[in-house]
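Everything on this sheet refers to the single structure shown next.
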Amino acid sequence: MSPLAYPAVRLEEDDHLSRLDFQRISALIGREVGIKLPPAKRLMVEGRLRKRLRALGLPSFAAYGDYLFRQNGIEREEVFLINTVTTNKTDFFREPEHFELLEKVLVPALLQGRGHERMPLLKVWSAASSTGAEAYTIAMVLADMVAQRHDFRFAVLGTDISTDVLDHGRRAVYPTEQVVPVPQPMQARYLMHARRPGVRPEVRIVPELRRLVRFERLNLMDTSYPFDRDVDIVFLRNVLIYFDKPDQEAVINRLVGHLRPGGYLLLGHSESMIGTSVTMRQVAPAVFQKE
């Protein structure tokens, strides 16, 4: 039975996801995405799935579990399920010291090492880009540097598992309150303001900057990544905390394989490479350089 064959009924608030179906969803997410969903997350998953059940016209969580696991609906539903349960926390200029380091230390060092090249292309990868705030923050910093130096070009890649947040990044439209951390001079250069009656104020990244940032879907649990292997800087911040140690190590190893010698890996300040087999030189808190 197609899920849309169920009559459109209101999902009762006291209806709950069964322990067995939560365990099956948790196992699927852990296997496919690497994110662990302990039993304490069941209510969170329930809350996020309610909207999805309404979209499918399903009358209960039992019907959703039946559709997923007993009607073989999981193949059609997997992307939507991943979009629904994954966490997508992001901010502009989050952990701002990393962007100061990017401007004052990392990019100058990379350009010095490529001094023999005329107008080198710096490639920066936001490997858990969510809705794009990190990728566009990187682009703003680099665009300011290009305007001052005129001696390099850059391209930014943003990847994420969620198709919803990738679409958001491509649209590049954000509520005004979200861009408060962006310095005022950058807001003037890189943001377009839209005010429509009855709609909360929004901004959009200017097209000149949007053209320098692209977004692609990537599951970090894949055994290989279909991207360039001469990347200068990889941002992988605040995502490893959701993985167990073996998966953390595997992801780091794969990403480091895409860095050029001398390239940099930036992790979140709450994360660490301690306990991994990756040999890199630490140059600042949560910042590592490939030998």
Side-chain angles (χ1 to χ4, degrees), residues 92-129 132-160 166 169-170 172 182-183 185-186 189-191 205-218 220 224-237 251-268 273 278-291:
F92 287 87
F93 283 89
R94 187 180 186 184
E95 299 179 350
E97 55 274 17
H98 277 168
F99 299 103
E100 183 177 359
L101 193 74
L102 178 70
E103 175 188 2
K104 295 183 177 178
V105 177
L106 306 187
V107 171
L110 287 164
L111 293 177
Q112 184 177 8
R114 298 175 63 181
H116 61 287
E117 300 180 39
R118 183 178 180 274
M119 292 295 289
L121 175 66
L122 290 188
K123 299 178 181 180
V124 184
W125 183 357
S126 171
S129 62
E134 180 178 80
Y136 287 122
T137 299
I138 295 165
M140 289 179 193
V141 172
L142 296 180
D144 268 12
M145 293 188 70
V146 166
Q148 295 167 7
R149 298 180 53 127
H150 306 288
D151 62 350
F152 75 97
R153 301 164 296 141
F154 72 89
V156 179
L157 170 66
T159 60
D160 203 280
L166 291 171
R170 294 183 186 110
V182 179
M186 285 185 169
R189 285 191 289 275
Y190 303 123
L191 302 180
I205 306 296
V206 297
E208 295 83 2
L209 206 65
R210 295 201 307 269
R211 284 194 288 268
L212 298 169
V213 182
R214 69 183 177 100
F215 294 93
E216 302 287 348
R217 188 172 189 263
L218 175 69
L220 288 169
S224 63
Y225 306 150
F227 302 116
D228 296 346
R229 291 189 171 272
D230 57 350
V231 177
D232 294 278
I233 302 171
V234 172
F235 282 72
L236 182 69
R237 304 190 306 164
V251 168
I252 289 174
N253 271 296
R254 286 193 287 269
L255 285 171
V256 170
H258 286 265
L259 281 173
R260 66 167 68 243
Y264 297 95
L265 173 68
L266 283 73
L267 304 180
M273 286 177 62
V278 181
T279 302
M280 298 185 79
R281 182 172 71 92
Q282 185 165 1
V283 298
V287 180
F288 303 85
Q289 185 175 32
K290 183 175 180 177
E291 300 289 350

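Pairing each heavy atom of Ala135 with each of Val213, the nearest pair is CB-CG1, 3.9 Å.
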Could you walk me through whether Phe154 and Met145 satisfy the side chain to side chain contact (heavy atoms under 4.5 Å, CB included) test, starting with their C-alpha distance in whole Å, then the side-chain angles of each, then the deciding distance to 0.1 Å, before giving a yes or no? CA-CA 10 Å; Phe154 72 89; Met145 293 188 70; over 6 Å; no

Applying side chain to side chain contact (heavy atoms under 4.5 Å, CB included) to Val141 and Phe93, what does each step give before you reach the verdict? CA-CA 10 Å; Val141 172; Phe93 283 89; 4.0 Å; yes

Go through the steps to decide whether Val124 and Phe235 satisfy the test side chain to side chain contact (heavy atoms under 4.5 Å, CB included), and finish with yes or no. CA-CA 8 Å; Val124 184; Phe235 282 72; 3.8 Å; yes

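Phe215 has its ring centre less than 6.0 Å from the ring centre of Tyr136.
Between atom CG of residue Leu255 and atom OG1 of residue Thr159 there is a gap of 8.0 Å, rounded to the nearest 0.5 Å. Within the model, atoms NZ of Lys123 and CD1 of Ile233 stand 13.5 Å from one another, a figure rounded to the nearest 0.5 Å. We find the CG-CG distance between Leu209 and Leu191 to be 9.0 Å, quoted to the nearest 0.5 Å. Atom-to-atom distance recorded for Glu134:CD and Leu236:CG is 9.0 Å, nearest 0.5 angstrom. The CG atom of Asp160 lies 8.0 Å from the CG atom of Leu220; values are rounded to the nearest 0.5 Å. The structure places CE of Met186 at 4.0 Å from CG of Asp144, a figure rounded to the nearest 0.5 Å.
Shown here are the ring pair (Phe, Tyr, Trp, His ring centres under 6.0 Å) partners of Phe152, two or more places apart in sequence or in another chain: there are none. For Gln289, the side chain to side chain contact (heavy atoms under 4.5 Å, CB included) partners at least two apart in sequence or on another chain are Tyr264, Arg281, Val283. Remark: Ser129 engages no residue in a side chain to side chain donor-acceptor pair (under 3.5 Å) (not counting sequence neighbours). For the ring pair (Phe, Tyr, Trp, His ring centres under 6.0 Å) test, residues two or more places apart in sequence or in another chain that qualify with Tyr225 are His258. Residues meeting the side chain to side chain contact (heavy atoms under 4.5 Å, CB included) test with Ala133, sequence neighbours left out: Thr90, Phe92, Gln178. With sequence neighbours excluded, the residues satisfying side chain to side chain contact (heavy atoms under 4.5 Å, CB included) with Glu208 are Val206, Arg211. Glu97 is linked by a side chain to side chain donor-acceptor pair (under 3.5 Å) to His269, counting only residues two or more places apart in sequence or in another chain. Residues that satisfy the side chain to side chain donor-acceptor pair (under 3.5 Å) test with Lys290, not counting sequence neighbours, are absent from this structure. With sequence neighbours excluded, the residues forming a side chain to side chain contact (heavy atoms under 4.5 Å, CB included) with Pro185 are Pro183, Arg189, listed by chain and number. Considering only residues two or more places apart in sequence or on other chains, Tyr190 meets the ring pair (Phe, Tyr, Trp, His ring centres under 6.0 Å) condition with none of them. Arg94 meets the salt bridge (charged side-chain N to carboxylate O under 4.0 Å, His left out) test with no other residue; sequence neighbours excluded.
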Quiz: residues 104-115 side-chain donor-acceptor pairs under 3.5 angstrom, not counting sequence neighbours:
residue	atom	partner	partner atom	Å
Lys104	NZ	Glu100	OE2	3.1
Arg114	NE	Glu117	OE2	2.9
Arg114	NH1	Leu121	O	3.2
Arg114	NH1	Asp232	OD1	3.1
Arg114	NH1	Asp232	OD2	3.2
Arg114	NH2	Glu117	OE1	3.0
Arg114	NH2	Leu121	O	3.4

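A donor-acceptor contact shorter than 3.5 Å is absent between the side chain of Arg237 and the backbone of Leu266. Between the side chain of Arg217 and the main chain of Leu166, no donor-acceptor pair closer than 3.5 Å is present.
Using a 4.5 Å cut-off on side-chain heavy atoms (C-beta onward), Phe288 and Leu259 make no contact.
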